[in-house]
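Notes follow the structure.
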Amino acid sequence: MKRKPLDNPKLLAQCERVKGLIQETARVRAGLERDYFVRWHHYQLNPTVSLEEIDAVEQEHGVELPEGLVYWLNQVGNGGAGPGTGFHYSILPQKEPPGTIHGPLWKPRPWIVNRASEQLCETMTTEEWKTRFDRSGEYRLDPWERSDPRSRDDGTFVLSGMDTTYLAHLIVVGPERGKVVYMDYDYDCPPMWPKGSAYFLDWCENWFRELASGYDIDPTWKFMWQQPGDENALRRAYQTAPNKEYRDEVLWSFRKFPKLSEETMEFLQGISDPEHREFLENLLKKYAGKRDRA
């Protein structure tokens, strides 16, 4: 069945915002002696693909791609600039012109369309995950070529690298469909979910908004733990964090700013948790003399 034209005004506007943020990121980071991201994609986007091309891929592989990805492919680009190391290959395979296929990210495996990943369908503690899924002592297959049906990337495909041993996956099957999840290809750690929002377009927008704002997310692994947003967003996130681990990561996220406002410095000074005392002392020292009084 022919796909209807994309007409969701919210998603269309989000795609336009992301394209603007990519341009702004390239401008903000122009001239940096060592820009980690330039070597992967130079902030360039691959050409978009038509809805007919997307339909053909879905029919060939028996899968319906998440809405956010469809909008990205049709409105933004089929690879190129993206979170982490970026979509430095095509997301969907390119058949024309000849010679342009450079290892597309879309490498369909049978279980993508057959079943959802068990580990991505419910919330588990680290201990529960290790009991049920940890195979870190077993022989490890190449994460890009894995075909073992027990593999924990069921129902997903890889989008990009996130440094260390993590890859960002897009979930295409199951209750978490349309979300991005970070998965350790050494099998040593449970899945991690992006902060702010795990949905694909939100994830992309948060990444480029952080870079365009001049925040520190280099190397890329920082983004997996950092809370996106400005100082106001981080103060709110700390106050509403559901547990200590999340509060710890929000506090750690304050390190991404080049300087802190007086309001934020006073906020940090007012945190009385003894477990955070040493970290806060070091954080406040880091920003001493860098206060933003504007």
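Only a predicted model underlies this, so the values are computations on that prediction, with no experimental measurement involved. When reading the values below, keep in mind they use all heavy atoms of this one structure, side chains included, and skip hydrogens, waters and symmetry mates. Counting begins at 1 with the first residue of the sequence.
Taking both residues in full, the closest heavy atoms of P83 and S160 are given as O-OG, 3.2 Å, listed atom of the first, atom of the second, then distance. Of all heavy-atom pairs spanning H41 and G86, the tightest one is CD2-CA, 3.6 Å. Nearest heavy-atom pair, R235 versus F254, reported as atom, atom and distance to 0.1 Å: N-CZ, 4.0 Å. Across all non-hydrogen atoms, the minimal contact from P66 to G178 is CB-CA, 3.6 Å. Residues I22 and A81 approach most closely at CG2-CB, 4.2 Å, considering heavy atoms. Taking every heavy atom of both residues into account, M162 and G84 meet most closely at SD-CA, 3.6 Å.
You'll find the side chain of L73 reaches within 4.5 Å of the side chain of L65, heavy atoms only. I54 is listed as a side-chain neighbour of L92, based on a closest heavy-atom distance under 4.5 Å. Looking at heavy atoms from C-beta onward, L11 lies out of side-chain contact with L6 at the 4.5 angstrom threshold. The side-chain heavy atoms of E231 and E263, taken from C-beta on, include no pair separated by under 4.5 Å. Between L159 and H169 the shortest side-chain heavy-atom distance does not fall below 4.5 Å. At a threshold of 4.5 Å between non-hydrogen side-chain atoms, the residues N78 and F87 do not count as touching. Using a 4.5 Å heavy-atom threshold, the side chains of I271 and L251 count as touching. Counting only heavy atoms from C-beta outward, the side chains of L234 and D230 never approach each other to under 4.5 Å.
Taking CZ of R209 as the start and OG1 of T25 as the end, the distance is 10.0 Å to the nearest 0.5 Å. The CD atom of Q14 lies 11.0 Å from the OH atom of Y71; values are rounded to the nearest 0.5 Å. Note: Y238 OH to D248 CG = 8.0 Å, rounded to the nearest 0.5 Å. Atom SG of residue C15 and atom CD of residue E205 lie 9.5 Å apart, to the nearest 0.5 angstrom. Atoms CD and NE2, from E281 and H276 in turn, are 13.0 Å apart once rounded to the nearest 0.5 Å. Atom-to-atom distance recorded for R27:CZ and L21:CG is 12.0 Å, nearest 0.5 angstrom.
Remark: side-chain polar atoms of R177 are not paired, donor with acceptor, to backbone N or O of I171 under 3.5 angstrom. In this structure, the side chain of W72 engages the main chain of G77 through a donor-acceptor pair within 3.5 Å. Between the side chain of Y287 and the backbone N or O of F257 there is at least one donor-acceptor pair closer than 3.5 Å. Remark: the backbone N or O of L260 is not paired with any side-chain donor or acceptor of T264 at under 3.5 angstrom. The main-chain N or O of I217 is never found under 3.5 Å from a side-chain atom of Q226 such that the two would form a donor-acceptor pair. Under a 3.5 Å cut-off, the side chain of T85 and the backbone N or O of G161 do form a donor-acceptor pair. Looking at T48, its side chain never comes within 3.5 Å of a backbone N or O of V76 through a donor-acceptor pair.
Applying the salt bridge (Lys or Arg N to Asp or Glu O under 4.0 Å) criterion to E16, with sequence neighbours excluded, gives K19. Here Q239 pairs with F267 under the side chain to side chain contact (heavy atoms under 4.5 Å, CB included) rule; sequence neighbours left out. Residues passing the side chain to side chain contact (heavy atoms under 4.5 Å, CB included) test with E249 are K195, W225, E245, sequence neighbours excluded. Residues passing the side chain to side chain contact (heavy atoms under 4.5 Å, CB included) test with T220 are Y36, F37, D163, W207, sequence neighbours excluded. Remark: E275 pairs with K244 by the salt bridge (Lys or Arg N to Asp or Glu O under 4.0 Å) rule, at least two apart or across chains. By the side chain to side chain contact (heavy atoms under 4.5 Å, CB included) test, Y199 is found to be paired with K179, S197, D202, residues two or more places apart in sequence or in another chain being considered.
Side-chain contact check for S50 and E53: at least one donor-acceptor pair (N or O, by modelled atom type) lies under 3.5 Å. Side chains of R29 and Y43: a donor-acceptor N/O pair is present below 3.5 angstrom, by distance only. Side-chain polar atoms of Q227 and Y246 form a donor-acceptor pair below 3.5 angstrom. Checking D184 against T165 by side-chain atom types alone, a donor-acceptor pair falls below 3.5 Å.
Checked against a 6.0 Å centroid threshold, the rings of Y166 and W221 do not count as neighbours.
There is no path of hydrophobic side-chain contacts, each under 4.5 Å, that joins V28 to L45.
Summarising the local packing, CD of E64 is surrounded by 12 or fewer heavy atoms from other residues, nucleotides or ligands at distances under 6.0 Å.
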| Intermediate values then yes/no, salt bridge (charged side-chain N to carboxylate O under 4.0 Å, His left out), D216 and R255 | CA-CA 8 Å; D216 178 17; R255 296 175 59 88; over 6 Å; no
| message | One pair to check against side chain to side chain contact (heavy atoms under 4.5 Å, CB included): F223 and W203. What are the steps and the verdict? | response | CA-CA 10 Å; F223 187 67; W203 177 67; 3.6 Å; yes
